[in-house]
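What follows is a set of notes on a single structure, which appears directly below.
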Amino acid sequence: EEEEEEKDEL
Amino acid sequence: MNIFRFLGDMSHILSFLLLLHKIVGGKSAAGISLRTAEMYAIVFCTRYIDLLWNFASLYNYLLKLLFIGASLTIVYFMRYGPSQKATYNADEDAFPVQYLIAPCAVLGVLINQDHSSPFEMVWAFSIYLEAVAILPQLFLLQKQGEVENLTSHYVFALGAYRALYLLNWMFRFMTEPDYQQRIVWLSGLVQTALYCDFFYHYYQSKKGGLNKSVKLP
């Protein structure tokens, strides 16, 4: 399970 | 934001402008895959659903609205525009998209960044679907052999956008501590790999002059 990455890209 | 990502987004916008110019301006859907256009509309409507709650930046917000609006406009004109319907080749645009959408949906549920969040599943689905969304379009071009000039620039710009994103991810990986996005990296790699053959023929045909049409064997 990958830790949450912020979604700052399109 | 780095130059690779900015150029990638600009290339993506350019691909939309070229496609809109052809379909709405030129009133022609010749050589364009409605199936790819519809899958891209699904990709953006699912991935950018966080417009409702995520304001990472005004730049992102505006481009998300632009991409959703442009992709839906393209599908609308291809489905309901009289002259677009007349020039759209439905029986050649026959790639079985259900074999793309179903596996991506399964993958989205199984492999994502947070199994307790429906949005993460939908987001991962959209990333996987985007990687293969171009297949019906490439399939159609392969069938037709010759690629009309504007269409070739549209496909090139669309392929270049994700290739530039690959450079953006490498740059971020090298400059930002513990930055990693394995889902988008792998999907972006697959997506760009699918264009290699087209890129090669595009380069071969364009080195003799930008207006030569691209020939696919």
Side-chain angles (χ1 to χ4, degrees), chain A, chain B residues 1-2 4-6 8-13 43-44 47-51 53-57 59-68 110-117 119-120 122-124 126-127 130 161-162 164-166 168-169 171-173 176 178-186 188:
Chain A
E1 190 150 308
E2 309 198 1
E3 61 282 0
E4 183 107 357
E5 283 101 22
E6 91 273 4
K7 299 194 179 354
D8 62 350
E9 293 184 346
L10 289 170
Chain B
M1 172 67 82
N2 60 62
F4 302 114
R5 185 180 149 211
F6 179 72
D9 291 337
M10 291 308 112
S11 180
H12 200 181
I13 292 173
V43 165
F44 295 129
R47 188 181 312 170
Y48 300 151
I49 201 160
D50 66 340
L51 272 173
W53 68 81
N54 177 3
F55 301 94
S57 71
Y59 173 86
N60 277 8
Y61 200 81
L62 292 178
L63 259 59
K64 287 177 180 179
L65 288 175
L66 176 72
F67 293 166
I68 288 176
L110 296 180
I111 306 174
N112 55 62
Q113 285 165 0
D114 175 355
H115 291 81
S116 63
S117 151
F119 170 62
E120 288 295 338
V122 163
W123 184 83
S126 93
I127 293 288
E130 187 189 359
Y161 125 75
R162 214 59 176 171
L164 286 160
Y165 257 72
L166 288 177
N168 152 60
W169 292 322
F171 180 82
R172 292 190 70 178
F173 182 73
E176 294 174 27
D178 75 17
Y179 170 75
Q180 54 89 19
Q181 286 265 12
R182 287 189 290 264
I183 287 179
V184 290
W185 291 349
L186 193 62

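Side chains are part of it too, since the values below use all heavy atoms of this structure and drop only hydrogens, waters and symmetry mates. Lettering of chains follows the sequences in order, A, B, ..., and the numbering in each one begins at 1. Just so you know, these numbers come straight off a predicted model, no measurement behind them.
Of the two parts of B:N60, the backbone and the side chain both hold a non-hydrogen atom closer than 4.5 Å to a non-hydrogen atom of chain A. For B:Y61, no part sits under 4.5 Å from any heavy atom of chain A, backbone or side chain.
Between the side chains of A:K7 and B:Q113, at least one donor-acceptor pair of N or O atoms lies under 3.5 Å.
Ion pairing of B:R172 with A:E9 is present here, as a side-chain N (NZ or NE/NH1/NH2) and a carboxylate O approach within less than 4.0 Å.
Around CZ of B:F173, the count of heavy atoms belonging to other residues, nucleotides or ligands within 6.0 Å does not exceed 12.
B:Y179 is linked by a side-chain hydrogen bond (donor to acceptor under 3.5 Å, both in side chains) to nothing, counting only residues two or more places apart in sequence or in another chain.
Ranked by non-hydrogen atom pairs under 4.5 Å with chain A, the options B:W123, B:Y48, B:Y165 are led by B:W123.
In terms of modelled atom types and a separation under 3.5 Å, the side chain of A:D8 and the main chain of B:A56 share no donor-acceptor contact.
In terms of heavy-atom proximity, B:K64 sits nearest to A:L10 at CG-CD2, 3.6 Å.
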